[in-house]
Novice: 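What follows is a single structure, and I will ask about it in a moment.
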Protein chains: 2
Amino acid sequence: MNPKKVPESTISRLFVYLREVIELTRMSINTISSAELGERTNLSDTQVRKDLGYFGQFGVSGSGYNTHELKSQLEKILGKDKVWNVAVVGAGHLGRALLAYPGFQNHGLNIMAAFDIDAKKVDKQVNDIAIKSLDDAPRVIKEKNISIGIIAVPAKEAQDVANRLVSAGIECILNFAPVSLTVPEHVKIKDVDLSRELETLSYFLANKKNN
Amino acid sequence: MNPKKVPESTISRLFVYLREVIELTRMSINTISSAELGERTNLSDTQVRKDLGYFGQFGVSGSGYNTHELKSQLEKILGKDKVWNVAVVGAGHLGRALLAYPGFQNHGLNIMAAFDIDAKKVDKQVNDIAIKSLDDAPRVIKEKNISIGIIAVPAKEAQDVANRLVSAGIECILNFAPVSLTVPEHVKIKDVDLSRELETLSYFLANKKNN
DNA sequence: CAATGTTTGTGAATATTGTTACAAGGTTTT
DNA sequence: AAAACCTTGTAACAATATTCACAAACATTG
């Protein structure tokens, strides 16, 4: 299925292309060149072509890519036809923001459950989802066939939550806690560290001044 | 100040090391080897040494790194002695979660202002910060000497907001909107695209099944 | 329909990032 | 204080990722 190994950065960019191509089809633009698509996504034309090249030949020399075809090809490549069930652990500000975020549905991601250890939060309702005790997680994760877990708890508790999710059968984790989690080989983990992102910006600012 | 160009990924990892080293000093551990530090951060020992090597020689052959010294060196390198003022644009769920996030203060980041276009939200108070009209942004950004802007508005409005921030003098943008923004060369932009992160995970899941 | 202009797809060249290997320097043991 | 042991720092190497460059394919023009 993957003739040559595709870099993760390519996958990430494919989503960007798809987003743009969807916008183009909405605007009834039927054709786009790699150069234009690159311009719209702040990437080079070759980057666009090379990325797409991993998956076949969608373009037409002399005119470019048909946006409708490219859209459906990208959707197929990226598994947009599939739907995954997601659980959010941690019903603090961030967790609740995620529960309320409307974008997930459009991307084949169904938030099916939310968990917290705080008894005061348990059984409260956020956006049609009842917050459940973390102790119920193993059962609910299996019952509802959830395969993606989002960790939105404080750093201290994150490793424990990760362990519970993994032993409940979760295969992918999106981790918002600012710690390096240890998980078994087969579990895919992705860190989103907001402070770190901001701090990187502040490093950039600090060093800009020194020039 | 940068004898060799330092990869951004190195900078990002330095924050991870710092986080770990702070924890170590709290635990009164005074010395750590690159191997141990690597283990704690899920990185290789050489990676650790190479990253630190960009900035000088902090280690002692035979014993490792002094955690206290490493901590203060990293803090200096990463500009943790400096403080930056931040503005959040968009007071929806995400924007409010950011306003409520206690972590920023600890990282030399002061959220000084929040803006929204929705008149219903203007002048409401979130965590001691009054939400102001986006029209006030240029004035406030200059008055309060704000250099980092966080965009937490819907995709459609993001480019307009970016333009306003840039012309108000913002130098760094953390963008949560799922669009590719265009900004002048001198402005540093960082995208945090939650759907994209999750989608990458879902791509991973989709392709796992096919093996 | 030939001539000119575009644009793709991809090998080859380059650049960047990460890993290996090991000499040099420091620590601990006996 | 010699011997055995650890750990750093880095040069050489390997792996990845990106950019260049151009032939081949198609489109457009006169």
Novice: So, is B:S44 near the phosphate of C:dT19, with a side-chain N or O under 4.0 Å from OP1 or OP2?
Specialist: yes
Novice: Evaluate the criterion side chain to side chain contact (heavy atoms under 4.5 Å, CB included) for residue pair A:E39 and B:T182; output intermediate values, then yes/no.
Specialist: CA-CA 9 Å; A:E39 185 134 352; B:T182 304; over 6 Å; no
Novice: Would you mind reading off the distance between A:N42 atom CG and D:dT18 atom P, rounded to a whole angstrom?
Specialist: 15 Å
Novice: Do B:R196 and A:S12 pair up side chain to side chain, a donor and an acceptor below 3.5 Å, judged on atom types alone?
Specialist: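 There is such a pair (donor and acceptor under 3.5 Å, judged by atom type) between the side chains of B:R196 and A:S12.
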Novice: Just how far, in rounded Å, is C1' of D:dT16 from CD of B:E8?
Specialist: 18 Å
Novice: Select one nucleotide: of D:dC26, C:dT10, C:dT19, the one nearest the side-chain heavy atoms of A:S61.
Specialist: D:dC26
Novice: In whole Å, I'd like the distance from the CG atom of B:D45 to the P atom of C:dA21.
Specialist: 12 Å
Novice: Would you indicate, yes or no, if C:dG25 has its OP1 or OP2 atom less than 4.0 angstrom from a side-chain nitrogen or oxygen of B:Q57?
Specialist: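 Looking at the OP1 and OP2 atoms of C:dG25, neither is under 4.0 Å from any side-chain N or O of B:Q57.
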Novice: Mark yes when over 12 heavy atoms from residues, nucleotides or ligands other than B:E8 sit less than 6.0 Å from its CD; otherwise mark no.
Specialist: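 No, the 6.0 Å shell around CD holds no more than 12 heavy atoms from other groups.
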Novice: Does this structure show an ion pair linking B:E36 with B:R40, if we count only N-O contacts that are shorter than 4.0 Å?
Specialist: no
Novice: Distance-only, no hydrogens or angles: does the B:N85 side chain make a donor-acceptor pair with backbone N or O of B:K144 under 3.5 Å?
Specialist: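 A pair under 3.5 Å: yes.
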Novice: State, to 0.1 Å, how close B:Q159 and B:L181 come at their nearest heavy-atom pair, and which atoms those are.
Specialist: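 Looking at all heavy atoms of both residues, the closest pair is OE1-CA, 3.5 Å.
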Novice: Heavy atoms from C-beta onward define the side chain here; which of C:dG18, C:dT8, D:dT18 lies closest to that of A:S33?
Specialist: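 It is C:dT8.
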Novice: If you only use heavy atoms from C-beta on, which nucleotide in D:dT8, D:dT18, D:dA27 is closest to the side chain of A:S63?
Specialist: D:dA27
Novice: Would you say A:Q47 reaches D:dA17's phosphate, i.e. side-chain N/O to OP1/OP2 under 4.0 Å?
Specialist: no
Novice: Figure out the CG/P separation between B:D51 and D:dG9, and round it to whole Å.
Specialist: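 Whole-Å distance recorded here is 12 Å.
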Novice: Which nucleotide, C:dG18, C:dG9, C:dC22, lies nearest any side-chain atom of B:R49?
Specialist: C:dC22
Novice: If you go through the side-chain atoms of A:K50, does one of them form a donor-acceptor pair with the base of C:dT10 closer than 3.5 Å?
Specialist: no
Novice: Of the nucleotides D:dT10, D:dA21, D:dT8, which has the atom closest to the B:T46 side chain?
Specialist: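 Output: D:dT10.
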Novice: Considering just the side-chain nitrogens and oxygens of B:Y65, establish if one lies under 4.0 Å of OP1 or OP2 belonging to C:dG26.
Specialist: no
Novice: Does a side-chain N or O of B:Y54 approach OP1 or OP2 of C:dT17 to a distance below 4.0 Å, or not?
Specialist: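 So the side-chain polar atoms of B:Y54 never come under 4.0 Å of the phosphate oxygens OP1 or OP2 of C:dT17.
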Novice: What is the separation between atom CG on A:L52 and atom P on C:dT7, rounded to the nearest whole Å?
Specialist: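 Result: 16 Å.
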Novice: How close or far is atom C1' of C:dT27 from atom CG of B:N30, stated in whole angstroms?
Specialist: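 One finds 16 Å between C1' of C:dT27 and CG of B:N30, rounded.
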Novice: Can you tell which of D:dA27, D:dT8, D:dA17 lies closest to the side chain of A:P7?
Specialist: D:dA17
Novice: Between B:N66 (CG) and C:dT27 (P), how many Å, whole number?
Specialist: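 Answer to the nearest Å: 12 Å.
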Novice: So what does B:T10 touch, heavy atoms closer than 4.0 Å: a base, only the sugar-phosphate, or nothing?
Specialist: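 B:T10: no heavy atom of the nucleic acid under 4.0 Å.
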Novice: Within this structure, what is the CD1-to-C1' distance between A:I11 and D:dA17, rounded to whole angstrom?
Specialist: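 Taking atom C1' of D:dA17 as the reference, CD1 of A:I11 is at 14 Å.
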